[in-house]
Structures are given as C-alpha cells and as structure tokens.
Q: 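Once you've had a glance at the structure underneath, I'll fire off some questions.
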Amino acid sequence: MRIGRDSDNDIVLINDSFVSRFHAWITFEQGRFWVEDLGSTNGTLLNGEPLKRRELLACGDKIKIGESEMTFFLLENAGTAS
C-alpha cells in the first residue's frame, strides 16, 4: 500500500504540501507488515522517530507523513464469516 500526494497511490494525501508524490509504503511479507520511506523529501516518522530503514509494524504504531498521522491497527480474523 503506497502513500503519497500522487493520485496513483493507494492512500492519497493531496492537501499536505510536506508529503512527497510517492512518500512511503506499507508491505506485507512473510506474515508481517512493514513500513518504508521511499526517499521522500521530508521523511517519515514511526512512533516519533525518523524512519531510516524498513521497519516492522506493530498494532498501535503511529506513522507520521508530512502533517498527517495515522495509527496502524490489525483486525484479527477480519473478513471471516462467523
């Protein structure tokens, strides 16, 4: 899931001038979610710390891109019929 100002992103943050066209992405690999900055101009923060390399995400982590902050949540058994 790519995040940025460009309309080709999965999450588009068009009203934030501190967000790069293709800023960061969240990937799912080997049963885990990761976040990585894509060489953005202003960087990405994970729980208030600058993201220097790809990092593992945990439920409740705060991702700040430009002036936008989002919280990463996992819903167990999401989409499973009861």
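Note that the structure is predicted; figures quoted are calculated from it, not measured.
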Q: Is there a side-chain contact between Ser20 and Asn42 in this structure, where contact means two heavy atoms from C-beta onward sitting under 4.5 Å apart?
A: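 Counting from C-beta outward, Ser20 and Asn42 never come under 4.5 Å.
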Q: Flag yes if Val19 and Met70 sit in one hydrophobic cluster, no otherwise; membership is Ile, Leu, Val, Met, Phe, Trp, Tyr, and two members link when side-chain heavy atoms are under 4.5 Å apart.
A: yes
Q: Can I get a per-line list of side-chain donor-acceptor pairs under 3.5 Å for residues 55-66, giving both atom names and the distance, sequence neighbours left out?
A:
{"unit_1": "Asp61", "atom_1": "OD1", "unit_2": "Asn47", "atom_2": "ND2", "d": "2.9"}
{"unit_1": "Asp61", "atom_1": "OD2", "unit_2": "Ala58", "atom_2": "N", "d": "2.8"}
{"unit_1": "Lys62", "atom_1": "NZ", "unit_2": "Thr71", "atom_2": "OG1", "d": "3.0"}

Q: Do Leu74 and Phe28 sit in one hydrophobic cluster, given that two such residues count as connected whenever their side-chain heavy atoms are within less than 4.5 Å of each other, even indirectly?
A: yes
Q: Between Asp16 (side chain only) and Ser68 (backbone N and O only), is there a donor and an acceptor less than 3.5 Å apart?
A: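 At least one qualifying donor-acceptor pair exists.
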Q: Of all the heavy-atom pairs spanning Ala24 and Thr44, show the shortest one and how long it is.
A: CB-OG1, 3.9 Å
Q: Could you check whether any side-chain heavy atom of Asp37 comes within less than 4.5 Å of a side-chain heavy atom of Trp25, counting everything from C-beta outward?
A: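 No; the side chains remain at least 4.5 Å from each other.
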Q: Is a donor on one side and an acceptor on the other found under 3.5 Å between the side chain of Asn9 and the backbone of Arg21?
A: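 Checking the backbone N and O of Arg21 against the side chain of Asn9, a donor-acceptor pair under 3.5 Å is found.
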Q: Taking Gly43's backbone N and O only, do any of them form a donor-acceptor pair with His23's side chain (distance below 3.5 Å, no angle check)?
A: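 Yes.
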Q: Looking only at heavy atoms, which two atoms of Asp6 and Asp8 are closest? And how far apart?
A: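 Shortest heavy-atom contact: OD1-N, 2.8 Å.
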Q: Please assess Leu51 against Val35 for the test side chain to side chain contact (heavy atoms under 4.5 Å, CB included), listing each intermediate value before the final yes or no.
A: CA-CA 9 Å; Leu51 198 58; Val35 62; 4.0 Å; yes
Q: Say you draw a straight line from CG of Leu13 to CZ of Phe18; how long is it, rounded to the nearest 0.5 Å?
A: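 Result: 13.5 Å between the selected atoms.
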Q: Heavy-atom count around Met1 CE within 6.0 Å, excluding the residue itself: above 12?
A: no
Q: Assess Arg54 against Trp34: is NZ or CZ under 6.0 Å from the centre of the six-membered ring, and within 45 degrees of the ring's axis?
A: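 Pair Arg54/Trp34 counts as cation-pi.
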Q: Considering all heavy atoms of both residues, which atom of Leu38 and which atom of Phe22 are nearest to each other, and what is their separation?
A: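 Heavy-atom minimum between the residues: CB-O, 3.6 Å.
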Q: Can you give me the closest heavy-atom contact between Asp10 and Arg2, atom names plus distance?
A: OD2-N, 2.7 Å
